[in-house]
Structures are given as C-alpha cells and as structure tokens.
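Throughout, protein chains are lettered first and strands after them, A, B, ... in sequence-line order, and every chain is numbered starting at 1.
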Amino acid sequence: MATAAVVSAAALPAAPSPSPVRYTPRRAALRDVPQLHAALLKSGELTTSPESFHSFLEATALPSPATTAAHLSYAIRLLRLGPHPPLSARSYNILIRALFRAGHPEDALHLFVEMLDAAIAANVCPDQHTIANTVKSCARMYALATGRSVQAYAVKLGFMADQFVLNSLIHMYASCGDVAAAQVLFNTVEEKGVVTWNAMIAGYVKNGDWKEVVEMFKGMLEVQAPFDEVTLVSVATACGKIGDSKLGERIGVYAEEKGMVRNRNLATALVDMYAKCGELDKARRLFDRMHSRDVVAWSAMISGYTQADRCREALTIFNEMQATEVNPNDVTMVSVLSACAVLGALEMGKWVHSYIRRKALPLTVVLGTALVDFYAKCGCIEDAVKAFESMPVRNSWTWTALIKGMASNGRGREALELFSSMREANIEPTDVTFIGVLLACSHNCLVEEGRRHFDSMTQDYGIHPRIEHYGCMVDLLGRAGLIDEAHQFIRNMPIEPNAVVWRALLSACTVHKNVEIGEEALKQIIPLDPCHSGNYILLSNTYASVGQWKEAAMIRKEMNERGIKKIPGCSLIELDGTIFEFFAEDSEHPQSREIYEKVDEMIENIKMAGYVPNTADARLDVDESEKQVSVSHHSEKLAIAFGLMKSRPGATIRLSKNLRVCVDCHSATKLISKVYNREIVVRDRNRFHHFKDGLCSCNDY
DNA sequence: TTAGGGTTAG
C-alpha cells in the first residue's frame, strides 16, 4: 500500500512524563511534538476541543522546513488511533492537504478512500475542501480515471457550483492532457475568476499548445477578464516558445510598471522569454536586478546563453552561480553540458559528470542524452557509449545522439548497427535520426546503404526528407565521386535546394577536380548566399587543382572586389580546464615567440618523416616559400604546437576548429601524431579526426 | 483550511 511509505515511517514515541507546557499552535520540531501531545492529553483539550485537536494536527503535519515523514506519520497515527474528538471533514482535510504538499499525492488519495469508509461508520462527509484537495492529488499523479470518479462524488454531494472544486477539476483535466474536458467545464463556469482562467491556461501550457495560451490571453484582454502574475508567467513562457517578442515585450514592460517583477517566478519567465526572443542582454539585465535567484532562475539564464550559442558566457555565469548558495540541479547541468559540448570543453564536462555522480543528481533521459552528446562531441566515443549504457531510460533523442556521435567520429558501420539495435528496441526513429544515419553513410562512403535508408525513410517510416537530408545525400554521392548523379539528384529535388546543398556539390567538385559542375554550383550559390567566402575559395581551389591558375586568381580577385573576407580560421584547445583560442598568424598569445619556435621545430621534424607542404589552399599572391610559411601558421598548427609545449608527454591533444581541416594540416597532423607519439583529436565543423600513429580515423576520405 | 506559475537533450 502506498501509504505505508509515510505512515509506518515511525512508531508513535512513548509519551514523556507530564509537564506544565501550555500548547500553542506553532510548528514544532518532532522532539516537541510528543510533549505538546502529552500536555493536550493531560489538560483534556485534545479530546474535548476539536479546535485544539485540529491546531495540533496542522502544527504537526503541515510542511515547513522542519517537517519530516515522521511528523506526517505521527499525525496520521493520531487520526487513526486516537484518542481524539469526533472526527470531521476538517480532520481529514488537514492531512490530505499536508500529504499533497509534502509530495505524497498517492498517500493523500489513500487517505481520501479511508475517509469514505469512515464516512459510513462515523458520519463524516467529505466537503468541498476535501474534493478540491483530492482532485489536486489526482492531477499531480496524472490519475485521470480516479479524478473522474472524484468528480462523480462532487456531483453527488452537490459541490459542482463551488469555485474551488471547479478550478481544481479544470486543472486536473488539463494537466492530465484532457484539455477538451477541461474546456467543457471551463465553459460551464459563469463567474470566471482569475484562477479559473489561469487553470485553463496552465492546461494549454502543460500540453505545449503555446499559440492557444497567447490566444486565450488576448481573449481575456478583450473581455477585460482579471489576470495576475500567475497568468503572466504562462503567457510570457508561451511568448518565448513561439517567439512572439511583441507581446512578450508588452508583458515585460507591464510587469515592470506594476512592480510584478518582484515575483521570482514571473521574473524568471521573463528572463527566459527575452532570451528565447533573442534579447539576451535584456534577459541578463533583468536577471541581474532580481532580488533572489533560485536554481530555476540560474538555469534559465544559463540555458539562455547556451541556446544563443554564447557558450563561453554560459560557463562564466555557471561559475558565478557556484559562488552562491544555490546548488545546480539536473536541469542546470543539461545546459552546462550542452555548452561544454559546443566548446569541446572536455575537462569542464568531465567535472560536471563527476558532480552528477557525487551529488546523485537524477540521470533523467534528458540529462543522460546531454551527457552522451557531450562525450560524442568531444570525440570521446567510448565514454559516450558508457554514458549511454548507464542510463536507466533512453528515448529516440538518446539513440540519435549516439548514432550521430558514431557517424561524426568516423565509425559509420557501428552507427548503422546502432540504428538496427534501436529498431529492435522498438524506439521510433525521427527525422534527426536519419540525418545521423545518412551522415554515417556519407562519412564512410556507404553509397548503397545511404540510398536504401533515404528511400526507407519515407516508405517505411512516413518521414519526409528535409533539406538537411537532401544535403546529406548530395554529400554522400559527391564524396564518392558520383558528381553527375549528385547534380542530377539536386535537379530532381521536390524542394528548392539551398546554398548548403549546392556547396556540398561544389566541395565534391573540388575533391574530384570537376571544373564544369563546380562552376555551375557556384553560379547557383551566389544568389542564395553571396557573402560566404567558402564558395569562392572552393571554386578557386578547384581551378588550382587542375592547374587553371589564372581562373583561380580571378575568382579570388572577384571575391576581394565584392569585399568578401575569408572567415579567419580559429582553433580552440583546452588545457587544465582553460580554453585557449588561436587564429592563423596569431601573435596575441603572451608566449607567441615560443609557440612559433615550436611550430618551426615541428615542421622540421615532420619534414624528416616525409612531410611535403601542400600549398594548394594558401594565398595565391605570394611566392612558394611564403606560401609554405603561411600554411605553417594555420591556427591548428599553432594550437597543436602549444598543446605539445603545455601537456605532459604522451597525453592526448584535443582541439576544435571553426572550419574544416585543410589538406596540409591534415597530412601534417598525421605525421605529428607519429613523430611525437601523441594521439591528436581534431573536431572540425563537420566531423572528428582521430590522428594516431600517422593515420587518421577518416581514412583521408 | 480550500484553486493556478518559471529552467533541460539529438
């Protein structure tokens, strides 16, 4: 029986010797409870005065920071065993409410049933408070059927005109997902109070129907219905979700004017809303002005930074949070891990993982998925698998995270095997799962499998390919050298190809030296994405690859004339938990001179192992030796040199960069891994390269 | 005594 958890937690302590304590209905520590109890017994008040009896029950059972399961247990045993005055609805109401508030709705329901049994023998009848509180417990437990039968009692007992009963029923139906039933009841309420509206709106919130929340609020304004902070919390949240910055802003201004931002929940909802509407700095200003910030407020601010791709700031503010009394919870850690994943901040993320274990934070499916994704995005695929296996519950997001992780770490076969296991586990794949599957195929040149999965996606799962799926297919065909087929594939697409799709083709043309289709691809890209420097560089490199130097130079000139700047290459490396950032030709670092000396030493050493600089990707307007110097100062070579200087011999060097690894850096890094006997893991904008013993996990593909 | 609220992953 569910009740046992609380009720049998402690036996009734022996009554202490009588003492002259006068009973006052204050919250009592458990050691005081038997004393008070004894005093009331002695004076006879406990059995003769229902007033005193109820005050004692309340003081003992109603949750306060000092209340424990033992308090609840004590009160319930008193109710059951006595002695006490004749019981009334109020006696049961106090405990039903206390159990609900203490987070034991199942025990509250059980007590309600007990009350119905007692009703027959002791003439105790549930009142409207009983019904409202019991319905709340049903809502908390998502016990829709039980809720319906409690409503039947309410009808039988004639409580259906009571505002509290109605409001709790609306809330119960709505939070159990039966919004239609909630709406039917809502419509029957003649005098709708602010709580009635709020209960209905909360129902749409629970069901993620954000548009309806906003519509309902607009309807409220029209009929001049009353609203309060609670209403605005729901509406602000909805504005954030659907990006209605206009209404969100109005609510923000209104709440400021009326001083409602003193309400912490509303302030938090507004912080979240501003962040989701792209007004991150506004969110921060409000956050900074909050009088008290609990874990939810901190989490909202951190996730705001993470979702806006300002991950360094997310980690900075997380550090600030740790200087406070507020402890992070599982939700906080989801955002922190996702920031670490984006930054490739392995040490920080590992620390988060150990914190989760140490504090026994619940490994929810969301947190576990974030962990899997974090390890995979840091190139630690074995740890990602371990995290995956440690999860008690996995869903399609979890499987997808690992499939994508496998794919981008060059383990396409395993990604496809995982996909089969996922199907065997009866987890439905989503559109994103198929992006992982197609990535696995394209990174591993599995053309036939790719074609099959692409077709099966629609035929077997009814998932219609999005532009990303087409992009993967073009990439797959193009990498495999099937340039004409890739080109034809784009022409046959039922949706408009975007610049990404064309760029995949252009990139394949560069690798496979196809000038004609490369030119066509660039022609298509220019109107779609005229400012992306990569387009011009790819075609220029295509010309260069077949020796058409004049055309190559022309393209670069055209790019300069259009004022398009090459995106500077940038590499990040994390050492001892600090992230260092390097740009090509960087001289910002205080140890610049030593780093450049290390680069020279590195290049000399790998030249002896057979390295020949590949200057195809270098600037074209300088002579060969300058080109060689220029490629040797690419950001990842600087970062690797720094990593060699600063880490202990044999330690793995991990870096992440914003562009794709160039051909020269790729061949140089292979040799560095061999000459210096280091494993080097490089995350580029598309995938991972695990360099070891002179080889790379991507097989140069 | 009694009803309603904010943060999270691929």
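Residue A:Phe112 contributes atom CZ, which lies 22 Å from atom P of B:dT1 at whole-angstrom precision. Following rounding to the nearest Å, A:Ile317 (CD1) and B:dT7 (P) show an atom-to-atom distance of 17 Å. One atom, CD1 of A:Ile381, and another, P of B:dG10, lie 15 Å apart when rounded to the nearest Å. As a whole-Å value, the separation of A:Ile435 CD1 from B:dA9 C1' is 16 Å. The CG-P distance, from A:Leu371 to B:dT8, rounds to 18 Å in whole Å. Nucleotide B:dG10 holds its C1' atom 9 Å from the CG atom of A:Asn395, rounded to whole Å. The interatomic distance linking A:Met301 (CE) with B:dT7 (P) rounds to 14 Å, in whole Å. Between A:Asp228 atom CG and B:dG5 atom C1' the separation is 9 Å, expressed in whole Å.
Note on A:Gln307: every side-chain N or O is 4.0 Å or more away from OP1 and OP2 of B:dT7. Dashed line: the shortest gap from a side-chain N or O of A:Ser303 to OP1 or OP2 of B:dT7 is not under 4.0 Å. Residue A:Lys276 has a polar side-chain atom (N or O) positioned under 4.0 Å from OP1 or OP2 of B:dT8.
Contacts of A:Val205 with the nucleic acid, taken as non-hydrogen atoms under 4.0 Å apart, involve only primed sugar atoms and P, OP1 or OP2.
Considering only the side chain of A:Glu58, B:dT1 comes nearest among B:dG10, B:dT1, B:dT2. Here the side chain of A:Trp397 is nearest to one of B:dG6, B:dA9, B:dT2, namely B:dA9. When distances are taken from the side chain of A:Ser234 to each of B:dT7, B:dG5, B:dT2, the shortest belongs to B:dG5. When each of B:dG10, B:dT8, B:dA9 is scored by its nearest atom to the side-chain atoms of A:Ala370, the top-ranked nucleotide is B:dA9. Checked against B:dG5, B:dT7, B:dT1, the side chain of A:Val331 finds its nearest nucleotide in B:dT7. When each of B:dT1, B:dT8, B:dG6 is scored by its nearest atom to the side-chain atoms of A:His129, the top-ranked nucleotide is B:dT1. In this structure, the nucleotide among B:dT1, B:dG6, B:dT8 sitting nearest to the side chain of A:Thr237 is B:dG6. Here the side chain of A:Asn265 is nearest to one of B:dT2, B:dG10, B:dG5, namely B:dG5. The side chain of A:His171 sits closest to B:dG5 out of B:dG6, B:dG5, B:dG10. Nearest to the side-chain atoms of A:Glu229 among the listed nucleotides B:dT2, B:dT8, B:dG5 stands B:dG5.
Ion pair A:Glu313/A:Arg284 not flagged as a salt bridge, since none of the NZ, NE, NH1 or NH2 atoms sits closer than 4.0 Å to an Asp/Glu carboxylate oxygen. Under a 4.0 Å N-O distance rule, the pair A:Asp244/A:Arg250 does not qualify as a salt bridge.
For A:Thr430 against B:dG10, a side-chain-to-base donor-acceptor contact under 3.5 Å is present. In the interface, the side chain of A:Asn263 is paired with the base of B:dG5 through a donor and an acceptor atom under 3.5 Å apart.
If you check the side chains of A:Asp127 and A:Thr130, you find a donor sitting under 3.5 Å from an acceptor. A:Gln151 and A:Tyr173 are linked by a side-chain donor-acceptor pair at a separation below 3.5 angstrom, with hydrogens and angles left out of the test. With 3.5 Å as the limit, one finds a donor-acceptor pair spanning the side chains of A:Thr398 and A:Thr369.
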- [ ] Kindly determine whether A:Phe227 and A:Tyr254 satisfy side chain to side chain contact (heavy atoms under 4.5 Å, CB included), including the steps that lead there.
- [x] CA-CA 12 Å; A:Phe227 64 87; A:Tyr254 181 89; 3.7 Å; yes

